[in-house]
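First up is the structure itself, then whatever we jot down about it.
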Amino acid sequence: HQRNEKVTPLPLLRPNPANSLLKLNLNGSEYDKFEMVNTMGQRVYESSLIKLEKDEYIFDISGLSEGLYLVTLTDSKDLSKFTRKIVVAR
């Protein structure tokens with residue numbers, strides 16, 4: 001007996017650790033907001049994700065200090081969230 005649930009592919013963030021650029025591939029997922037928070041809970045980067053043909057975004061993170069960050073992707077209704085740890089190292 002099969003379930004008819006839609007399986008959403010997970011977004012891909014790379015490289016990790018990152019140096020100056022962080023690439024995001026949504027893999028067909030429906031997120032529209034990108035946010036990075038440092039270990040003190042301060043938002044250090046925020047961007048709207050406007051749907052592109054390639055589903056890929058590149059963020060310039062060269063202005064961020066080395067360290068650990070949480071990247072959170074959310075949808076417009078705040079119903080779906082995707083969070084990953086990213087290390088910035090140079």
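As the structure is a prediction and not an experimental result, all values here were calculated from the model.
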Y57 with L10, same ILVMFWY side-chain cluster at under 4.5 Å: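 Cluster IDs for Y57 and L10 match.
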
Hydrophobic cluster identity match, V37 and Y45, side-chain contacts under 4.5 Å: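 Different clusters.
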
Suppose we screen for side-chain hydrogen bond (donor to acceptor under 3.5 Å, both in side chains). Which residues come up paired with [X], at least two apart in sequence or across chains?
X	result
Q42	N38
S62	D60
S20	none

Is there a side-chain contact between [X] and [Y] in this structure, where contact means two heavy atoms from C-beta onward sitting under 4.5 Å apart?
X	Y	value
T39	L70	no
L24	F59	yes
N27	P11	no

Euclidean distance, [Y] [atom2] relative to [X] [atom1], rounded to 0.5 Å:
X	Y	atom1	atom2	value
D32	S76	CG	OG	4.5 Å
D55	S29	CG	OG	6.5 Å
T74	L49	OG1	CG	8.5 Å

Side-chain donor-acceptor contacts of residues 82-89 below 3.5 Å, not counting sequence neighbours, with atom names and distances?
from	atom 1	to	atom 2	distance (Å)
T83	OG1	T72	OG1	3.4

Salt bridge (charged side-chain N to carboxylate O under 4.0 Å, His left out) partners for R43, two or more places apart: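 Residues passing salt bridge (charged side-chain N to carboxylate O under 4.0 Å, His left out) with R43: E35, E46.
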
Charged N-O contact under 4.0 Å between E30 and K77: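 A salt bridge is absent here (no side-chain N lies under 4.0 Å from a carboxylate O).
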
Ring pair (Phe, Tyr, Trp, His ring centres under 6.0 Å) against Y69, all qualifying residues, sequence neighbours excluded: none

side-chain contact (heavy atoms from CB on, under 4.5 Å) between I58 and L22, intermediate numbers included: CA-CA 6 Å; I58 298 174; L22 183 62; over 6 Å; no

Worked check of side-chain contact (heavy atoms from CB on, under 4.5 Å) between V44 and I61: CA-CA 10 Å; V44 295; I61 57 168; over 6 Å; no

Pair L73-L26, side-chain contact (heavy atoms from CB on, under 4.5 Å): steps then yes or no: CA-CA 10 Å; L73 305 174; L26 289 177; 4.2 Å; yes

